[in-house]
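The next block holds one structure in the form of C-alpha cells; read it before the comments.
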Amino acid sequence: MSIPNWKPLFLLAVVIAVGCAIPFMVRAYTIEIFILFMINLILVCSYRIPATTGDWSLSHVVLMGVGAYTTALLSKWFDLTIFLTVPLSAVVAGIVGFIMVTPLIRTRGFGFFIASFALGELIRLIWIKFRYPFGGPRGMIGIPNGELGSIDFFEPMPYYYFVMAVALICLIIMYRIDQSRIGKTFTALYTDEGLAESVGIDVPRYRALAFGLGAFFAGIAGALLAHRLGAVDPKNFDVTTMVYLIIWIVVGGTTTFWGPIMGLILMTFIFEWSRPLLEWRPLLFGGTLIFFLVFLPGGLDDLFFKIRNKIMARKSGAGVSDVAS
Amino acid sequence: MSLLEIKDLVKRFGGLAAVNGVNLSISDSEIRGVIGPNGAGKTTLFNLISGALSVTSGTITFNGQVVSGKRPSHIALAGLVRTFQRNAMFPTYSVLENVVLARHSQVKNNVFQTIFGRNQEEEEHRERAKEIIHFMELSDHQDELAENLSHGHQRILGIANALAVEPKLIMLDEPVAGLNPTETKMVTDHFRRLRDEWKITVVLVEHDMRTVMETCEYISVINFGKLLMEGNPEEVANDKRVIEAYLGSDDYDL
Ligand SMILES: Nc1ncnc2c1ncn2[C@@H]1O[C@H](COP(=O)(O)OP(=O)(O)O)[C@@H](O)[C@H]1O
Ligand SMILES: [Mg+2]
C-alpha cells in the first residue's frame with residue numbers, strides 16, 4: 001500500500017469547491033468569462049507540451065480551429081451529441097497535428113516557427129476557399145449548444161459545469177503527462193539533443209508525439225468554443241489569437257506545468273480590467289510582453305521559484321547564524 | 001567474429017577528408033585504445049560510428065548488423081553507445097533521474113501505460129539505475145542536481161548515462177580531457193571494471209597517451225584521418241611513426 005499524496009488531492013478539492021461555487025456568486029456575464037477562461041486554460045496548457053521540447057509553433061490556434069470545425073461538421077451534419085463531438089474533435093485535431101508535424105520535424109527553432117505558420121495558414125485557406133463544407137470566409141453558424149437529457153447547454157450555468165469537468169480531466173491528464181517519463185523526456189531532449197539520441201531517445205519521434213498531444217488537447221478547446229459560440233469563423237483562429245496565446249505563455253513561463261496557468265490568469269485579469277481602455281489594449285499587451293521578455297524572460301514561473309528559493313535560503317541562513325550565536 | 005567492424009570508412013567535410021579510409025576491427029570484451037594527435041579525426045570517427053554524422057562512404061557493422069546510415073537512437077538500441085568529450089548530462093535533473101531517463105531504450109510500457117498506468121516498471125528502472133550509480137561510485141551524489149556536480153563527477157555521470165542503455169560496447173570520447181590529475185584517476189579507475197565486471201567492450205579514444213597506455217591492451221593510432229599503426233602499448237610507444245606524429249603536434253608528453 002502506498003500512502004496517498006494528500007497535498008495535491010487537497011488542492012484539487014479546493015479548486016473543485018471554488019469552481020462549483022463561482023456561478024452562484026457572479027453575474028451571468030461573468031460566467032461567460034469563466035467559461036472562456038477554462039477553454040483558454042486547456043489551450044495554453046496544451047501549447048506548453050510541444051514548447052517543452054523547444055518547438056514553438058505558430059499554428060496551435062489553427063489546430064484548435066480544426067477541433068472547432070470538426071465539431072461544427074459533426075454536430076450539424078451527423079447530429080452527434082456534444083459527448084461525442086468533443087472527443088472526436090480531439091482525435092481529428094491530433095491526427096492533423098501528426099500529419100502537420102511530419103515535415104515540420106526537419107526544422108528547428110526559427111525555421112519551425114515560420115514553417116508552422118505557413119502550414120497553419122494553408123489549413124485556414126482551405127476553410128476560407130471551400131464554401132462547401134467549411135462555409136468560406138464567414139465560417140459556419142447554427143452549431144447546437146449541446147444538451148444533457150433535458151438540461152440545455154445554451155444556459156451559461158450548465159455549460160460552465162460541463163466545461164469545468166472537461167477542463168479538469170484535460171488538466172489532470174496533461175499534468176500526468178508532464179510528471180511521467182514522457183514529459184521528462186520532452187524536457188531532456190530539449191536540454192541536450194545529442195545526449196538524448198545517444199541514449200536511444202528517438203528525438204524526431206518524441207517531438208512529433210509532443211506536437212500531436214498538444215494538438216489533441218487544442219482540439220478539445222476548439223470543440224468547447226464552437227459549442228459555446230454556436231459558430232466557427234476562420235478569423236478566430238488567425239495569428240492575432242496566436243499572439244494572445246504566446247503572450248500568456250511568455251508571461252507565465254514554461255519551466256513548470258503551472259507557468260502557463262499563472263500567465264493566463266494574470267493576462268485575463270488585465271484583459272478584463274482594461275475593457276474601458278479598449279483602444280489602448282494592444283499597447284498594454286505589447287508592453288506587458290516586452291516587459292516580461294526583457295526583465296523576466298523565465299516568466300512568472302521563474303519569478304515564483306526565485307522568490308521561494310530566496311525565502312528558503314534566508315530561513316536556512318538564519319538557522320546557521322542562530323547556531324553560531 | 002569481431003563485434004565492431006569498420007571497412008574503408010571515409011568522411012569528407014567539403015575538401016577535407018577528416019576520416020580517410022579507416023579499417024578497424026574490435027572483438028568482444030576488448031579494451032581498445034584509439035589515439036592520435038589533436039585534429040587526427042578521432043571525434044569524427046566516433047560520430048560516424050554512433051550515427052551522429054552520416055558516412056561519405058564505407059560500412060560499419062556492429063554485432064552482425066550494418067549500422068551505418070542509422071539514427072544514433074537506433075544504434076544505441078542495438079547496444080552501441082557513446083559518451084561525449086564535453087560534460088553531457090540532463091542538467092536540471094538529479095543524478096538518479098538522469099540515469100532513469102537514460103534507460104529510455106529499456107522501457108517497455110507504451111504511451112498510454114506510461115501516462116495512466118501504476119508504473120511498476122518505473123520502479124524497476126529506478127532500482128537498476130541505483131545499481132549503475134553504485135557501480136560508478138556516485139551513490140553519495142544520487143539526489144544532487146547534475147549541474148551542481150564537480151567536473152569529474154559529471155564525466156562519471158556521463159558514463160553512467162551511457163551504461164543505462166545496457167550496452168555491449170561503450171565508446172568513450174576523451175573522457176579525461178580538461179580534468180585535473182585527481183579527477184583523471186577517479187574516472188580512469190572505472191574503465192577496466194566495465195570490462196572485467198560487466199563484460200562490456202570498451203573503446204577509449206584519447207589524445208593523452210599516458211591514460212591509454214595504462215588502460216588499454218591494444219591500441220590503434222590514427223593520424224590525418226588514416227590508421228597509422230596498431231599494436232600493444234609497448235609497440236606503440238616505441239614506434240617511430242607514432243613518436244613523429246606526436247612530435248609534429250604540440251602535445252607530446254610521453
Ligand atoms: N563538422 C565539421 N565540419 C568541418 N570540419 C570538421 C568538422 N568536424 C571536424 N572537422 C575537421 O576534421 C578534422 C578532425 O577533427 P576531429 O575528428 O575533431 O579530431 P580529433 O577528435 O582527433 O581531435 C579536423 O581538421 C577538424 O577541423
Ligand atoms: Mg576530439
Side-chain angles (χ1 to χ4, degrees), chain A residues 1-2 4-5 49 52-54 94 98 105-106 169-214 216-217 253-257 298 301-302 305 309, chain B residues 46-47 50-52 70-84 86-93 97-107 109-119 121-123 125-126 146-147 157-158 160-167 170-171 173:
Chain A
M1 266 296 289
S2 62
N5 202 347
I49 301 175
T52 53
T53 70
F98 262 121
I105 224 74
R106 295 170 169 275
I169 294 169
C170 289
L171 259 69
I172 289 171
I173 296 175
M174 284 191 268
Y175 182 72
R176 284 204 70 131
I177 293 173
D178 184 59
Q179 300 294 305
S180 76
R181 184 183 53 75
I182 294 176
K184 286 179 183 167
T185 304
F186 290 155
T187 317
L189 74 85
Y190 174 55
T191 51
D192 197 329
E193 197 165 324
L195 175 61
E197 275 281 346
S198 82
V199 296
I201 297 169
D202 190 331
V203 170
R205 241 190 86 215
Y206 266 78
R207 283 171 61 202
L209 176 65
F211 197 86
L213 285 171
F216 179 90
F217 289 104
T254 52
T255 315
T256 72
F257 184 77
D301 199 353
D302 215 35
F305 278 97
N309 285 348
Chain B
F46 230 70
N47 285 333
S50 67
K70 296 215 168 139
R71 293 193 64 79
S73 53
H74 296 185
I75 294 173
L77 295 191
L80 198 170
V81 67
R82 58 89 56 95
T83 64
F84 294 83
R86 60 196 167 86
N87 291 350
M89 63 209 156
F90 303 120
T92 54
Y93 292 111
E97 282 172 319
N98 260 268
V99 181
V100 170
L101 273 174
R103 287 191 61 72
H104 183 90
S105 60
Q106 309 297 314
V107 172
N109 277 347
N110 63 32
V111 174
F112 288 97
Q113 288 166 324
T114 309
I115 299 170
F116 300 107
R118 306 235 9 200
N119 278 334
E121 199 198 351
E122 205 64 27
E123 210 37 57
H125 287 304
R126 288 178 83 82
E147 60 189 354
L157 176 58
N161 279 340
L163 289 178
V165 180
E166 308 290 349
I170 184 169
M171 301 193 293
D173 190 7

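Model, not experiment: these values are computed from the prediction. In what follows, every heavy atom counts, from backbone to side chain, and hydrogens, waters and symmetry copies are set aside. Just so we're on the same page: letters track the sequence lines, and every chain starts at 1.
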(request) Check each atom of B:A164 against the heavy atoms of chain A and say whether the ones under 4.5 Å are side chain, backbone, both or neither. (result) neither
(message) If you compare all heavy atoms of B:I115 against all heavy atoms of A:R176, which two are closest, and at what distance to 0.1 Å?
(response) O-NE, 2.9 Å
(request) List the atom of B:L101, the atom of A:K184, and the distance in Å for their closest heavy-atom pair. (result) CD2-CB, 3.8 Å
(request) For chain A, find which of B:T114, B:N109, B:T92, B:V165 contributes the most heavy-atom pairs closer than 4.5 angstrom. (result) B:T114
(request) For each of B:I75, B:V111, B:V81, tally heavy-atom pairs with chain A at distances under 4.5 Å, and name the one with the top tally. (result) B:V111
(request) Would you name the heavy atoms of B:F90 and A:D192 that are closest together and state the gap between them? (result) CE2-O, 4.1 Å
(request) Could you grab the distance from atom CD of A:E197 to atom CZ of B:R71, nearest 0.5 Å is fine? (result) 4.0 Å
(message) Under a 4.5 Å cutoff for heavy-atom pairs, which residue among A:I201, A:L189, A:T187 has the most contacts with chain B?
(response) A:I201
(message) Other residues, nucleotides and ligands only: do more than 12 of their heavy atoms fall within 6.0 Å of OH on B:Y93?
(response) yes
(message) Report which part of B:A102 has an atom under 4.5 Å of a heavy atom belonging to chain A: side chain, backbone, both, or neither.
(response) both
(request) Take A:D202 and B:H74 through the side-chain contact (heavy atoms from CB on, under 4.5 Å) test and state the conclusion after the steps. (result) CA-CA 8 Å; A:D202 190 331; B:H74 296 185; 3.3 Å; yes
(message) For A:S198 versus B:F84, what's the shortest heavy-atom pair and its separation?
(response) OG-CE1, 3.5 Å
(request) Apply side-chain contact (heavy atoms from CB on, under 4.5 Å) to the pair A:T191 and B:E147, showing each step before the final yes or no. (result) CA-CA 12 Å; A:T191 51; B:E147 60 189 354; over 6 Å; no
(request) Would you indicate whether the side-chain heavy atoms of B:S73 and A:R205 approach each other to under 4.5 Å? (result) no
(request) Let me know if B:E122 has heavy atoms under 4.5 Å from chain A in its side chain, its backbone, both or neither. (result) side chain
(request) Measure A:Y206 against the heavy atoms of chain B and call it side chain, backbone, both or neither at under 4.5 Å. (result) side chain
